[in-house]
Amino acid sequence: MFGPSALLYALIGLTIVLIATVAFRPAITTGAAGKILAFTALFLLPALCVAAGVSAHMERSHETRFCISCHSMENYGKSLYVDDPHYIPAAHFQNHRVPADSACNACHADYSVYGNLKDKMVGMKRVYMQFVSKPPNPIRIEGGFKNNQCLHCHLGARSFEEGPTHQTMMDSLKSGDVSCISSGCHDTVHNAAQVDQQKMWRPAQ
Amino acid sequence: MSLRTIGLRRYLQVSGILIILGLVVELFSLIWFHPLAFVLFAFLGASMMGLGMIVYLASIVFISEPRVDRRSTN
């Protein structure tokens with residue numbers, strides 16, 4: 001019935017009420033119980049609210065609608081609806097090969113140990129480019145798109161492993177010597193500049 | 001004005017106001033669905049709450065209540 005957001009809002013509300021009580025009626029903090037209440041209200045609960053807030057923002061940043069809420073990402077969002085199976089992101093998104101509500105994150109997340117942190121740093125840089133400097137056109141991924149992001153899901157999958165083309169170049173794919181998306185195989189990706197000229201898929205409501 | 005003379009009451013109020021403002025900013029950032037919402041939360045909300053908590057901890061360290069001598073004086 002109550003989601004994590006409702007719990008967080010309730011926690012913030014409770015913390016505000018307790019802080020107001022302690023800060024504006026300091027007489028209640030004279031006893032041991034009052035001191036514990038003050039410590040809880042002015043330190044423990046705010047620290048919990050900060051941690052929960054960071055977690056909520058991190059979760060939200062994985063959502064597709066969050067990624068495409070920047071104007072410069074609009075066409076990349078539209079490309080998920082292109083009615084052409086050769087468009088790799090569209091084929092993954094429309095057929096739920098990746099979760100539709102976190103489609104960008106599924107293919108662009110850094111799956112290494114500190115990947116989430118690295119992703120957030122890159123995200124902050126992009127926010128800076130969007131609102132302070134100027135986003136590059138076309139938008140390029142620093143260091144290029146890594147095969148590991150495809151292999152995170154496809155490696156071990158029967159259709160991928162038994163594909164004759166994949167079998168012959170498996171080592172090169174794993175080492176990244178041959179790119180999945182820029183070696184003439186799966187090279188129709190977002191194609192954001194031409195997305196407005198494409199036929200679009202309209203999902204049934 | 002020394003830290004002691006400012007008083008525990010003022011410290012608690014300053015700390016409380018800072019934390020409440022930080023929490024209001026956090027609440028707003030959670031409702032506002034925009035890439036800048038996290039920036040607002042991290043740089044304004046969390047900073048205010050952090051500062052408020054530091055003020056409260058400083059009040060514990062620097063403001064000590066006068067000891068009540070409970071021993072009998074007769």
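Chain letters run A, B, ... following the sequence lines, proteins first and then strands; every chain starts at 1.
- Within 6.0 Å of atom CZ in A:F131, more than 12 heavy atoms from other residues, nucleotides or ligands are found, so the atom counts as buried in its surroundings.
- In this structure, the portions of B:A37 lying under 4.5 Å from any heavy atom of chain A include both its backbone and its side chain.
- Residues of residues 63-77 of chain A that come closer than 4.5 Å to chain B, counting heavy atoms only, are A:E63, A:R65, A:F66, A:S69, A:C70, ordered by residue number.
- Heavy-atom pairs under 4.5 Å with chain A peak, among B:G50, B:A42, B:G16, B:S29, at B:S29.
- Of the inter-residue distances, the one linking A:R25 atom CZ with B:L12 atom CG reads 14.0 Å to the nearest 0.5 angstrom.
- Atom CZ of residue A:F43 and atom CD1 of residue B:I54 lie 9.0 Å apart, to the nearest 0.5 angstrom.
- The residue from B:L23, B:I19, B:I20 that alone fulfils the side chain to side chain contact (heavy atoms under 4.5 Å, CB included) condition with A:P46 is B:I19.
- Using a 4.5 Å cut-off on side-chain heavy atoms (C-beta onward), B:F41 and A:V54 make contact.
- Between chain A and the residues B:P35, B:S15, B:G45, the largest count of heavy-atom pairs under 4.5 Å involves B:P35.
- A 6.0 Å sphere centred on NE2 of B:H34 holds more than 12 heavy atoms belonging to other residues, nucleotides or ligands.
- Taking CD1 of B:I60 as the start and CZ of A:F39 as the end, the distance is 6.0 Å to the nearest 0.5 Å.
- Both the backbone and the side chain of A:V50 come within contact range of chain B, each with at least one heavy atom under 4.5 Å from a heavy atom of that chain.
- Comparing B:L27, B:L30, B:L18 by how many heavy-atom pairs each has under 4.5 Å with chain A, the most go to B:L30.
- Expressed to the nearest 0.5 Å, how far OG1 of A:T15 lies from CE of B:M49 amounts to 9.0 Å.
- Neither the backbone nor the side chain of A:A27 comes within contact range of chain B, judged by heavy atoms closer than 4.5 Å.
- With respect to chain B, the highest number of heavy-atom pairs below 4.5 Å among A:M58, A:Q130, A:H57 belongs to A:H57.
- The side-chain heavy atoms of A:F24 and B:I17, taken from C-beta on, include a pair separated by under 4.5 Å.
- Closest approach of A:R60 and B:W32 over heavy atoms only: NH2-O, 3.3 Å.
- Between chain A and the residues B:V14, B:V39, B:L57, the most heavy-atom pairs under 4.5 angstrom are made by B:L57.
- Heavy atoms closer than 4.5 Å to chain A are found in both the backbone and the side chain of B:F38.
- Contact annotation: the side chain of A:L42 never approaches that of B:M53 to less than 4.5 Å [non-hydrogen atoms, C-beta and beyond].
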